[in-house]
Amino acid sequence: MAEILDGLKVSKEIKAEIKVEVEKILEGKRRAPHLVAILVGNNGASKAYVNSKVKDCEEVGFRSSLLKFPSTVSESELLEKIDELNKSKDVDGFIVQLPLPDQIDQEKIILAIDPRKDVDGFHPENFGKMALEMDTFLPATPFGILTLLERYNIETKGKDCVIIGRSKIVGRPMSILMGRKDFPGNSTVTLTHSYTKDIEEYTKKADIVITALGDPHFLKGDMIKDGAVIVDVGITRVDDDSAKGYYLAGDVDFDSCAAKASWITPVPGGVGPMTRAMLMKNTIIAYKTSVYND
Ligand SMILES: Nc1nc(=O)c2c([nH]1)NC[C@@H]1CN(c3ccc(C(=O)N[C@@H](CCC(=O)O)C(=O)O)cc3)C=[N+]21
């Protein structure tokens with residue numbers, strides 16, 4: 001029976017550590033770190049995530065601003081706002097919640113963000129630095145997974161790690177990070193995706209499986225080996241007749257995998273809260289390295 005990689009617990013520890021740092025900053029009579037989130041449109045899940053980020057900011061003592069735009073906003077309007085945030089001396093970092101409506105070129109938006117304020121770590125300059133093992137903002141979800149593995153002392157060196165899904169914000173960067181030379185890395189990485197002939201062939205041999213595909217209960221116990229470490233990034237709202245009208249489903253079939261794995265992340269309470277904690281971490285890093293605070 002697997003032990004739980006408790007992302008909710010670790011995320012609280014990290015936020016408490018950040019809070020202590022913020023208190024020291026304020027004692028030094030400096031302004032608090034300031035994170036801005038841009039939310040476009042009315043997507044229920046996006047709204048929920050952004051609101052929880054605002055709550056996290058309050059919890060650690062950051063200033064936060066939520067900028068809402070209608071789904072009809074033009075690309076140039078958004079670019080103007082980004083330019084303003086790039087220049088603003090009292091904004092340390094900002095994120096543009098994805099996905100964006102079709103009339104907006106996501107690539108253009110990400111390229112417009114000043115890499116020094118790109119606390120999501122999505123700008124190609126930061127992605128490149130990540131790949132080259134240079135100091136930079138790591139994308140929050142992969143950063144959260146690494147931190148979770150680190151805090152539980154999960155050995156990754158020399159392990160076979162299989163990642164399912166090659167998204168720009170999770171699978172792809174995760175595949176790079178797990179193979180990096182620094183801890184927790186040094187794994188032998190296989191990145192599987194929709195064109196992989198037989199995913200099971202890989203997952204069955206893997207010491208570590210990281211699923212990020214958004215397909216509820218995809219990974220079953222008979223697809224993994226005994227003692228594997230299972231990290232579930234998937235989080236899909238599945239309609240049901242509960243009070244909320246939905247439940248949150250991971251990519252992992254929890255019961256059958258937990259029966260075989262050595263460690264496993266739950267959904268909710270695993271990677272999600274870690275993602276949020278790492279955004280706070282990136283924001284305080286941005287604050288400390290900001291040219292305006294030295
Ligand atoms: N620019 C941008 N940056 C992001 O980091 C980003 C984004 N766009 N778009 C959407 C995804 C998704 N994402 C999540 C964050 C927290 C939870 C989270 O805290 N989940 C809770 C459950 C929350 C609930 O109850 O709905 C949990 O797993 O326990 C989930 C998903 C960040 N994303």
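For the single chain, residues carry numbers from 1 onward in sequence order.
- Taking every heavy atom of both residues into account, A286 and V119 meet most closely at CB-CG1, 3.9 Å.
- Ion pair E27/K24 not flagged as a salt bridge, since none of the NZ, NE, NH1 or NH2 atoms sits closer than 4.0 Å to an Asp/Glu carboxylate oxygen.
- For the ring pair (Phe, Tyr, Trp, His ring centres under 6.0 Å) condition, no pair includes a residue of residues 69-115, sequence neighbours left out.
- With sequence neighbours left out, K288 forms a salt bridge (charged side-chain N to carboxylate O under 4.0 Å, His left out) with E21.
- Between V96 and L100, some side-chain heavy-atom pair lies under the 4.5 Å cut-off.
- L132 forms part of a hydrophobic cluster together with M134, judged by ILVMFWY side-chain heavy-atom separations under 4.5 Å.
- Using a 4.5 Å cut-off between side-chain heavy atoms of Ile, Leu, Val, Met, Phe, Trp and Tyr, V54 falls into a hydrophobic cluster with L39, V50, L66.
- Under the 4.5 Å side-chain heavy-atom criterion for ILVMFWY residues, a single connected hydrophobic cluster contains both L85 and I113.
- Between the OG atom of S74 and the CD1 atom of I104 there is a distance of 7.5 Å, given to the nearest 0.5 Å.
- For the pair L149/M178, a side-chain contact is recorded, criterion being any heavy-atom separation below 4.5 Å from C-beta on.
- Distance alone, capped at 3.5 Å, is enough to place a donor-acceptor pair between the S11 side chain and the L8 backbone.
- L138 contributes atom CG, which lies 11.5 Å from atom CD1 of I145 (distance to the nearest 0.5 angstrom).
- Of all the heavy atoms in P101 and S71, the pair that sits closest is CG-O, 3.5 Å.
- Residues H34 and S65 bring a donor and an acceptor atom of their side chains to less than 3.5 Å of each other.
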Between R276 and L279, does the side-chain contact (heavy atoms from CB on, under 4.5 Å) criterion hold? Intermediate values first, please.
CA-CA 5 Å; R276 286 162 42 187; L279 181 65; 5.7 Å; no

Under the side-chain contact (heavy atoms from CB on, under 4.5 Å) rule, what do L177 and E133 come out as? Steps first, then yes or no, please.
CA-CA 9 Å; L177 288 160; E133 308 189 9; over 6 Å; no

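- Rounding to the nearest 0.5 Å places CZ of R172 at 6.5 Å from CZ of F127.
- With sequence neighbours excluded, the residues satisfying salt bridge (charged side-chain N to carboxylate O under 4.0 Å, His left out) with R180 are D182.
- Considering only heavy atoms from C-beta on, V91 stays 4.5 Å or farther from E84 through its side chain.
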Would you mind writing out the side-chain donor-acceptor pairs for residues 218-229 within the sub-3.5 Å range, not counting sequence neighbours?
residue, atom, partner, partner atom, Å
K220, NZ, H217, O, 2.6
K225, NZ, D207, OD1, 2.8

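- Of all the heavy atoms in N86 and A112, the pair that sits closest is ND2-O, 2.8 Å.
- Dense packing is recorded around NZ of K117, with more than 12 heavy atoms of other residues, nucleotides or ligands lying under 6.0 Å away.
- F254 and Y246 fall into different hydrophobic clusters, defined by Ile, Leu, Val, Met, Phe, Trp and Tyr side-chain heavy atoms under 4.5 Å apart, directly or through other members.
- Within the 4.5 Å cutoff, side-chain heavy atoms of I208 are placed close to those of S187.
- Under a hydrophobic clustering in which Ile, Leu, Val, Met, Phe, Trp and Tyr are joined whenever their side-chain heavy atoms come within less than 4.5 Å, directly or via other members, M280 and I14 fall into the same cluster.
- Applying the salt bridge (Lys or Arg N to Asp or Glu O under 4.0 Å) test to every pair with at least one member in residues 32-53, sequence neighbours left out, gives no pairs at all.
- Taking the side chain as every heavy atom from C-beta outward, T192 and T203 never approach each other to under 4.5 Å.
- To the nearest 0.5 angstrom, Y247 atom OH is 14.0 Å from R237 atom CZ.
- Summarising the geometry of I230 relative to L5, their closest heavy-atom pair is O-CD1, 4.5 Å, with the distance given to 0.1 Å.
- V162 and L146 fall into different hydrophobic clusters, where Ile, Leu, Val, Met, Phe, Trp and Tyr are joined by side-chain heavy atoms under 4.5 Å apart, directly or via other members.
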Please lay out, stage by stage, how E125 and T136 fare under the test side-chain contact (heavy atoms from CB on, under 4.5 Å).
CA-CA 9 Å; E125 180 177 318; T136 189; over 6 Å; no

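- Taking every heavy atom of both residues into account, E150 and P184 meet most closely at CB-CG, 4.2 Å.
- Identified under the salt bridge (Lys or Arg N to Asp or Glu O under 4.0 Å) test for residues 245-259, with sequence neighbours left out: none.
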side-chain contact (heavy atoms from CB on, under 4.5 Å) evaluation trace for V233 with M174
CA-CA 11 Å; V233 187; M174 203 64 224; over 6 Å; no

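- A salt bridge (Lys or Arg N to Asp or Glu O under 4.0 Å) check over residues 85-111, counting only residues at least two apart or in different chains, returns the pairs R31-D92, R63-D90, E75-K108, D83-K87.
- Using modelled atom types, one side-chain atom of T289 and one backbone atom of I285 make a donor-acceptor pair closer than 3.5 Å.
- Applying the salt bridge (Lys or Arg N to Asp or Glu O under 4.0 Å) rule to pairs touching residues 155-170 yields nothing, sequence neighbours excluded.
- Considering only residues two or more places apart in sequence or on other chains, D118 meets the side-chain hydrogen bond (donor to acceptor under 3.5 Å, both in side chains) condition with N126.
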Donor-acceptor pairs under 3.5 Å, side chain of residues 263-275 to any protein atom, not counting sequence neighbours: which ones?
residue, atom, partner, partner atom, Å
T265, OG1, D232, N, 2.8
T275, OG1, T141, OG1, 3.0
T275, OG1, V271, O, 3.0

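- From T211, atom OG1 reaches atom CD1 of I164 across 6.0 Å, with rounding to the nearest 0.5 Å.
- The heavy-atom pair separating F122 from I110 by the smallest distance is O-CG2, 3.4 Å.
- Atom SG of C161 and atom CD1 of I163 lie 4.0 Å apart (nearest 0.5 Å).
- Looking at I38 and L78, their side chains come closer than 4.5 Å, going by heavy atoms from C-beta outward.
- The shortest distance between side-chain heavy atoms of I109 and L98 does not fall below 4.5 Å.
- Put simply, the side chain of H123 does not reach to within 4.5 Å of the side chain of D114, judged on heavy atoms.
- By the rule that hydrophobic residues join a cluster once side-chain heavy atoms approach within less than 4.5 Å of another member, Y202 and V231 end up as members of separate clusters.
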